[in-house]
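Heads up, the thing below is written out as structure tokens.
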Amino acid sequence: MSQQPPVRSTGSPPPRPDASMSLLNNVIDHALDDGYAEATARRRAEGGPAPRPLRAKLGLAAGLVLAAAVVTVGAAEARVSAPVVAKERQELIGRIDDENAAADGLEADVERIRAEVAARQRAALQEHGGDQGELVALLSGATPVHGPGVKLVVDDAKGSDSGGGGPRESAGFSDTGRVRDRDMQRVVNGLWQSGAEAVSINGQRLTALSAIRAAGDAVLVDNRPLVPPYTVLALGDGPRLRTTFQDSADGQYLHALVENFGIRSDISVQGDLSLPAAPSLNVRTAEPRRTGAATPSGGATADKGKGTS
């Protein structure tokens, strides 16, 4: 039996694992340099201009440098202008703070002057009222008062729309369950007619010259806005004042608001209530009358020694 000759080693290295990937290896090893070299040689042989890949790369690099320069310049300008903008903003904030401080100072001056005017008016009433000066000051609202009375709280209906339509019409009550200025007018007038001797709303003393108005949805008393709930304090005979008011037409009006629109209301008798003085009394034409003095034309007067209401 013949034997196969042994395989002799030639000393050559074993084949590479990627021997079958010759095309990919050629692309990786030579990239495009050989292709550019062949194209250059061919164009020179044909007499044509050689390609210039280096110039194209330089152009691309120049474009990138230009774009980077533009971005850098923009960033530098933004960095330079940022402190200016911040400074202007701080200056504007400072001006706003200064103006707010000035407005607060003016409001404080107004309150101080109003208090001074009210004090002088009260002094004038006591001086010209004779032995009835205290009564005149009390009836005019120029002095703080206290005594028994009733506390009436009126509030909007639960869930009422704070931005609801126009003022409530005199008939039909076509809008929301919010308390309107005319509602408070009727409540206050009803308390006066029922025997109240002094009335205040949310700490704002009412006088014969007080006005209850509306500005949008806000209720104003002497041009000062009030916030619900509206707490009305009325001095007088508490039990009698409550019964008389509830039986009056204005009390029935308030009851209708409660029943039909969900407006909340509560009235209670109080043993002792304190009402502040009115902030100011703008008396323009009324003058105290002295004995034997002629009555000014068109002006209301009061006899010396007699109280006025």
Side-chain angles (χ1 to χ4, degrees), residues 111 114 141 144-170 172-281:
E111 292 298 330
R114 182 181 286 119
V145 292
H146 73 93
V150 297
K151 177 181 179 181
L152 174 61
V153 180
V154 183
D155 198 1
D156 297 337
K158 291 184 177 179
S160 60
D161 183 8
S162 61
R168 182 177 290 116
E169 298 176 355
S170 58
F173 298 156
S174 60
D175 58 358
T176 65
R178 285 179 53 80
V179 179
R180 303 297 184 186
D181 58 327
R182 64 181 61 188
D183 302 333
M184 297 307 301
Q185 289 173 4
R186 294 202 59 168
V187 167
V188 170
N189 287 336
L191 288 171
W192 284 122
Q193 293 176 0
S194 299
E197 299 174 0
V199 179
S200 70
I201 303 178
N202 286 12
Q204 181 75 20
R205 180 77 174 273
L206 302 182
T207 69
L209 302 177
S210 296
I212 302 177
R213 294 289 184 267
D217 287 325
V219 176
L220 309 180
V221 173
D222 293 337
N223 295 324
R224 295 189 176 186
L226 303 182
V227 179
Y230 305 103
T231 302
V232 183
L233 303 181
L235 298 188
D237 185 345
R240 180 179 179 181
L241 181 59
R242 179 179 63 179
T243 301
T244 304
F245 172 74
Q246 290 176 333
D247 293 339
S248 67
D250 296 315
Q252 294 299 318
Y253 173 85
L254 179 59
H255 180 72
L257 297 182
V258 173
E259 292 293 326
N260 298 327
F261 299 97
I263 288 178
R264 291 167 287 179
S265 173
D266 180 71
I267 186 171
S268 60
V269 177
Q270 303 291 321
D272 186 48
L273 297 173
S274 296
L275 276 64
S280 63
L281 300 174

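Summarising the geometry, atom CG belonging to Leu275 is positioned 3.5 Å from atom OG belonging to Ser200; distances are rounded to the nearest 0.5 Å. Gln270 contributes atom CD, which lies 11.0 Å from atom CG of Leu235 (distance to the nearest 0.5 angstrom). Once rounded to the nearest 0.5 Å, the distance linking CZ of Phe261 with CZ of Arg178 reads 14.5 Å.
Side-chain contact between Arg213 and Asn223: absent, with no pair of heavy atoms (C-beta onward) separated by less than 4.5 Å. Using a 4.5 Å heavy-atom threshold, the side chains of Val154 and Ile263 count as touching.
Residues that satisfy the side chain to side chain donor-acceptor pair (under 3.5 Å) test with Ser210, not counting sequence neighbours, are Thr207, Asp222. For Asp237, there are no side chain to side chain donor-acceptor pair (under 3.5 Å) partners at least two apart in sequence or on another chain. Every side chain to side chain donor-acceptor pair (under 3.5 Å) that Arg264 has, sequence neighbours left out, goes to Asp155. Listed by chain and residue number, Asp272 satisfy the side chain to side chain donor-acceptor pair (under 3.5 Å) test with His146 (two or more places apart in sequence, or in another chain).
Evaluation of the salt bridge (charged side-chain N to carboxylate O under 4.0 Å, His left out) test over residues 225-236, restricted to residues two or more places apart or in two chains, returns none. Listed by first and then second residue, the salt bridge (charged side-chain N to carboxylate O under 4.0 Å, His left out) pairs that reach into residues 185-202 are Arg186-Asp250, sequence neighbours excluded. The stretch residues 238-249 participates, sequence neighbours left out, in no side chain to side chain donor-acceptor pair (under 3.5 Å) pair at all.
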For residues 224-234, tabulate all N or O donor-acceptor pairs below 3.5 Å that involve a side-chain atom, not counting sequence neighbours.
none

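Under a 3.5 Å cut-off, the side chain of Asn189 and the backbone N or O of Gln185 do form a donor-acceptor pair.
If you run side-chain contact (heavy atoms from CB on, under 4.5 Å) between Val221 and each of Ile212, Asn202, Asp181, only Ile212 comes through. Results of the side-chain contact (heavy atoms from CB on, under 4.5 Å) test with Ser265 over Leu257, Val153, Leu152 single out Leu152 as the only residue that passes. For the side-chain contact (heavy atoms from CB on, under 4.5 Å) with Met184, the lone residue among Leu254, Leu220, Ile201 that qualifies is Ile201.
Taking both residues in full, the closest heavy atoms of Val219 and Arg180 are given as CG2-C, 4.1 Å, listed atom of the first, atom of the second, then distance. In this structure, Ser194 and Phe245 approach most closely via the heavy-atom pair OG-CA, 3.3 Å.
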